[in-house]
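Proteins come first, then strands; the chains are lettered A, B, ... in the order of their sequence lines, and each starts at number 1. Predicted, not measured: the structure shown is a model, and the values here were computed from it.
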Amino acid sequence: MKAIHWLLPSAVVLLGALMLLAAMRSKHDRAGEMQVRLFGRIPVVQAGRIKPMDTVARTSLMIISGRGEEYTDLDGQKQPAIRWLLDVMSSGEKQKDSDPTRQLKVFRIENDQVLGLLHLTPRSGFRYSIDEIMSGNEEQRPKEEAEESNFTRLTARIKAAKEKKTSDRDLVDTKVLELEAKLGLYYQLAEKQVPHVIPPDKPGAEWQTFAEAQEEARAGGATELSGDARLFDEILKSYAADKTSAFNSGVEKYLAIMQRTQAKPASVASFEVFFNNFAPFYRSVILYACIFFLALLGWMVFPLGWSRPLWWSAFALMVLVFAVHTFAIIARIYIQGRPPVTNLYSSAIFIGWAVVLIGIVIELLSRLGVATAVAAMVGIITLIVAHNLGNDGDTMEMLRAVLDTNFWLATHVTAVTIGYAATFMAGALGVAYILLGVFTPLLKQDLGDVYESLDASRPAVKMDVAKLLSTMTYGVVCFAMFFSFVGTVLGGIWADQSWGRFWGWDPKENGAVLIVIWNALILHARWGGMVRQRGMAMLAVGGNIVTVWSWFGVNMLEVGLHSYGFIPSAFKWLVVFAVSQLAIILIAAWPEKLWMSYKPKAEPPKRAPRRTEESVEAIVVG
Amino acid sequence: MSSTLDASDRSAPAQPDSMGAWETIRWVLKPIASLRLTVVLFVACLVVVFCGTLAQREHGIQIVVQQYFRSALIWIPLRHLIFVSVPGSFPFPGGWLLGTLLLFNLIAAHITRFRFTWKRSGILLMHSGVLLLLLGELVTGLFAVEARMDILEGSSSNFVYLPSDAELAIIGPGTGENDRTVVIPKSLLKPGKRISHADLPFDVMVDKYYFNSRLVNPGIGNTQPQTHTQWAAATPLALPEVTGADPEQQIDAPSAMVSLLKKGSDEVLAKQTLSVWLERVSPPISRPFSYAGKPYDISLRFKRVYKPYTIHLSDFHHEKYLGTALPKDFKSEVRLVDPSRHEDRELAIWMNHPLRHAGETFYQADFRPDNQGTVLQVVRNPGWLMPYVACTLVSVGMLIHFGIILERFLRRIL
C-alpha cells in the first residue's frame, strides 16, 4: 500500500512526459519527397513581424478555413498547412483552369444567406473551393439569374456592406466582409503581395514582397530576377513543376543563405516552427483534463482511503504540465521579444498559467486535491478560450504605437492579468466550496481526520474542510485585491505618461476598478462579519462574473482606447458563463439543511459545522 | 479573524451620558464608521461604475464622466440594467456623493477605532493612500484642463484649443491678436440669438447651430468635399452627438449658419456658413467680410487659449509596421521658445515620452491628415502627482497587511 503512494504518481508523470516528448519530436517529410516542411522554416515578414513561412501558412489557413494545422487535399488526404501555402504561392505558375489549388475546399462559409447568395448548398464542414465560390452550384442557380455571375453578385453585396457604418452592419454584412477578407488574403498570397519574403540586401533597406522584387527588377530594366528573389522564384517554379530534387536543393540553398545573412531571424523562425509543431497549449489542455479527473477520482474514492496516491498523481502531473505551460509562455516571449501579455489571446494563456501557479501553492498548503482540480479546470477553460481567440490568425500581432512599451506591458498588464487570475481562482474555490457542500458530505470532514486517514505523520489540524477552503479563498481574494489594485493604478500611471490623464473612466478602466471594488467589498464584508464561509463563497463566485465582464464584456461595447475589437460570438459565451455562475450562487443560497454536508441527520445532536462557524466568529470578534 | 479593524464593532454600544467629549464624538461617529455602510457604498459604486460604462454606448465619455462620476445625483435609465429598451429611470447617488460618503466613512472609522499598532500600520497606510486617491480624483475633476495643440510641419503654434468648447471669432482690422479679435463663447451661440458687441460695428445673429456636424457638398448625395472650392461651398449636415463607442470620431465638430446684421436694424449684410471643419482644411478657409471699408474675418473655431510660449514643429515622423497600416511610432521634433522663462530648446515628444513645461504636460496624441503635422495633448493637472503617492501608500500598506495575514495563516496551518 505504501509503494502505491509514489508508484502511481511516478507512472502518471512518466506517461505524461512520454506524451509530451512524442509531441516535441520534430516532423520531417520522408526522404526523397518534397521537403515542404523545410520550406516552412524560411523566415519572412508578415504584419510587421519576422516569422517562419510555416506560421504564415497556419495563420492564413486558420483565417480562411478555420483550421490552421492541416487541410484535406483533393485525394481526401490530410496535408500540413505549409503544402497549401506552397500550392497557393506557386499557383501563378499554372494555367488558371488547370490549377488544382482552385478546387481545394478550404474556404469556410457557414452563413446560409451568404451560401444562398453564392448558390451553394450547406455541407458538413462548410468548406468550399475558389471555383465553387466563383461559379456556384449550377443546380442551385435560379433560371432568371443565369446571366449574372457569382462574382458580380458577391462584389455588389460587399460594396453594399462596406458603405454601411460599422455599427449599422448586420450579420450577413459581417459575414460577407469576412469572406471578402478571406478571398483577399488568398489572392494576396497567390500574387505574392504577402508576405515580405525577400530580405533586405543592404543595411537600412526593408524586406520586400516577391511582387515588389519583381516590380523593381522590371523597373530597373532587368529581364530576370536576381539574388534571393531569383532563387525563391526557382523554388516555386520547381514546386509547381513537381521537380522534387530541384525544389529540395533550392530550399536548402535558400535556408543556408538565410542562416548566413539573417542569422537571428532564421534561428527564431526555426524555433517558432518547433513551437508550432509542439502545440504546447493543446497538449496542456489534454493533460489538465487528466489532472482534473485524477483529482476528482481522488475524492470519489475518499471513503476507501485511496485518495492520496491519486491526489499526488494529479499534483505531480500538474507540476509537469505547469512546466510545459511556463515553457510555452517563455517561448512566446522569446519569439515576440515582448512581455507575456500583449493581447486578449495571451491574457487568456497567462491567466491559466497564473491560476495553476496559485493552485500549486494552495495544494502544497492544503493537500486536499481541491486546489489541483480547480486550477486544472480553470487551466482548461482559459486555454480553450485562448484557442478560440486565436482563430483570427497570428496570435503574436504587433502592438500599436501607444502600447509599444515593454515596461508598462511588463508591469501594468501583467499585474492586472494576475489580478484577473487570482479573482478567478478565488471564484473557482468558491464554486468548489458550494458544489462540495451541496452535493457531497465532504465539507464538514474534519481536516485532522482527513489528513490522518491519508498520512498519519501529519500533525493534526483543528479545522474542517469548509474552514480550510474558506480560508484559502480569503487568502486568494487578498492576493487578487493587491494585484488588481496595483495593476489598475499602474495602468493609470501609464495613461498619465502617455496621454496625460491618470483616470479617464474609460470602459476598460471601469472594468478593472469593478474588480478592485468587488474584492474590497468581499474583504470588508468578511471583516465586518456580514458574510461567513458561505457568503464569502457566494461573493467569490460573483467575482467570476465581474472579472469576465472586465476581461471581455467591455471589449464588446466597442468603446475605449483599450478595445481589441468586437467579438459577437464571444458575447453568447459571456452570457452563458455569467448565468452559470449566477446559478451556482443561487444553489448556494439554498437553506443549509439542504446541503449534503450540513444535513442535520448526519450529526444531529452536535451540529459540528455550526460550532465551527461560531468558533470562527469568535476569532473574528476576539 | 484576520483583521482587528472592526474589533470594537461588536462590543455593546456605550452609554452617552457617562462619557466625556471624546467618547461622545466616537458615539456620534460610530454609525458613520460602520463597515456595513462601507459595503453598501461599495455596492453603490459598483452600480455607478457599471452604468457609467454602459452609458458610454450612447454618450461621449466626457458627458458620461460629468453625469455619472463627477456629480452628486444621477438618473440611471432602466434600460441599462435590464438590457431591454424600456422608458424610465431612477435616481442614484453620483460619483462625487459616493466618494464623499466613502471619505467620511473611512475617516470616521479611523477616528473611532484608532489605535496605532504595528498590526494596523498596513491598514492605516493603505487607507491614507485611498484617501489621497479619492482627493486626487477630486482635484483632477475640479482643476484639470485638457487641451490640444495642432502644429503643421514647419510651422509654429502659440495657442491650445479645447475640443469640447467652441467660439465664434471675428478678427477685425488692427494689430495684436487681442486688440482686434472679438470672441463670442459657445454659450451665446443659440439659434435666433442676436449678439451685439461694442467693438463690432455690426451685430451677429445665429440662424442655426450644429452641436456636431460634417460638411457635405450641397445637393449631390451628401458627399464629402474634396477640393478647396468644394470645402468653401459646403453646407453643414447635423450629426448625432459623438458617443464614447464611436471609434471613428472622437470629438464633436460644431458648425453654424450666421447672419451679419446692421446695428440697430434687421437689415442682413451677409450670411455665412461657419464650421470648425473649415479650420482643418489646408490652407484653412476663412470667411472674409468687409464693412464700412474695413476687412473682417469670421470663423467658428474650437475655443482657443493663447500661451506665452511658441512651439515649432521641425519634423514629424509617423512610422508604420512593414506591410500593415498599424502605427509603430509617432514622434514630433519640436523647438520650444518661451521668452517669459528664457527658454529656447529643441526636443522630441513621442509616445509615452511627454514634455513637461510650465505646469503643463505635452503628449503625442494624434496626427493631422496625410501626416502634415502633429496633434499634441496639452494637459494642466495640479493633482497629477497625487495618484503616484497614493499608489505607493496603498501598495505598501497592502503588502504589510496581507503579509501579516499570511504569516498568521501559515503559522496555523503548518
(request) Indicate whether the side chain of B:Gln62 and that of A:Trp505 have a donor and an acceptor atom separated by less than 3.5 Å. (result) no
(message) Which heavy atom of B:Gln56 sits nearest to which heavy atom of A:Pro507, and what is that distance?
(response) OE1-CD, 3.2 Å
(request) Assess the pair A:Trp549 and B:Phe50: is the distance between their ring centroids shorter than 6.0 Å? (result) yes
(request) Output the option from A:Ile517, A:Leu523, A:Val546, A:Val489 having the highest count of non-hydrogen pairs under 4.5 Å with chain B. (result) A:Ile517
(request) Take the angle between the ring planes of A:His524 and B:Phe42 and call it parallel below 30°, perpendicular above 60°, tilted in between. (result) perpendicular
(request) Taking atom NZ of B:Lys328 as the centre, report whether more than 12 heavy atoms of other residues, nucleotides or ligands fall under 6.0 Å from it. (result) no
(request) Output the distance between atom OH (B:Tyr321) and atom CZ (A:Arg49), rounded to the nearest 0.5 Å. (result) 12.0 Å
(message) Could you go through A:Trp494 and B:Asn352, starting from their C-alpha distance and side-chain angles, then the distance that decides it, and tell me whether this counts as side-chain contact (heavy atoms from CB on, under 4.5 Å)?
(response) CA-CA 8 Å; A:Trp494 180 10; B:Asn352 299 317; 3.0 Å; yes
(request) Quick one: pull up SG in A:Cys478 and CE in B:Met398 and give me the separation to the nearest 0.5 Å. (result) 9.5 Å
(request) Please look at B:Gln364 and chain A and tell me whether the side chain, the backbone, both or neither of the residue comes under 4.5 angstrom of a heavy atom of that chain. (result) backbone
(request) State the OG1-CG distance between B:Thr361 and A:Asp496, to the nearest 0.5 angstrom. (result) 7.0 Å
(request) Measure distances from B:Val378 to the heavy atoms of chain A and classify the residue's part below 4.5 Å as side chain, backbone, both or neither. (result) neither
(message) Tell me which of these, B:Gln377, B:Met126, B:Glu146, has more heavy-atom pairs under 4.5 Å with chain A than the rest.
(response) B:Glu146
(message) Are there residues of residues 387-397 of chain B whose heavy atoms fall under 4.5 Å of chain A's heavy atoms? If so, which?
(response) B:Pro387, B:Tyr388, B:Cys391, B:Val394, B:Ser395
(message) For A:Val477 and B:Phe402: C-alpha separation, side-chain torsions, deciding distance, then whether side-chain contact (heavy atoms from CB on, under 4.5 Å) applies.
(response) CA-CA 10 Å; A:Val477 170; B:Phe402 294 151; over 6 Å; no
(request) Output the option from A:Trp207, A:Trp503, A:Phe479 having the highest count of non-hydrogen pairs under 4.5 Å with chain B. (result) A:Trp207
(message) If you count heavy-atom pairs within less than 4.5 Å of chain A, which of B:Thr140, B:Leu46, B:Leu133, B:Asp329 leads?
(response) B:Leu46
(request) Could you check which of A:Ala525, A:Gly492, A:Ala520 has the highest count of heavy-atom pairs closer than 4.5 Å to chain B? (result) A:Ala520
(request) Select all residues of residues 480-487 of chain A having any heavy atom within less than 4.5 Å of some heavy atom of chain B, and report them by number, or 'none'. (result) A:Met481, A:Phe482, A:Phe485, A:Val486
(message) List the residues meeting ring pair (Phe, Tyr, Trp, His ring centres under 6.0 Å) with B:His353, not counting sequence neighbours, and say none if there are none.
(response) B:Trp350
(request) Could I get the full list of ring pair (Phe, Tyr, Trp, His ring centres under 6.0 Å) partners for B:Phe367, not counting sequence neighbours? (result) B:His318, B:Phe330
(message) Taking every non-hydrogen pair under 4.5 Å, which of B:Asn381, B:Leu399, B:Leu406 racks up the most with chain A?
(response) B:Leu399
(message) Heavy-atom pairs under 4.5 Å with chain A - which of B:Val49, B:Thr38, B:Val43, B:Val379 has more of them than the others?
(response) B:Val49
(request) Applying side-chain contact (heavy atoms from CB on, under 4.5 Å), run through B:Phe409 and A:Met472 and close with a yes or a no. (result) CA-CA 9 Å; B:Phe409 169 73; A:Met472 294 291 176; 3.8 Å; yes
(message) For B:Leu322, run the side chain to side chain contact (heavy atoms under 4.5 Å, CB included) check against A:His196, A:Met398, A:Gln208 and tell me which one passes.
(response) A:His196
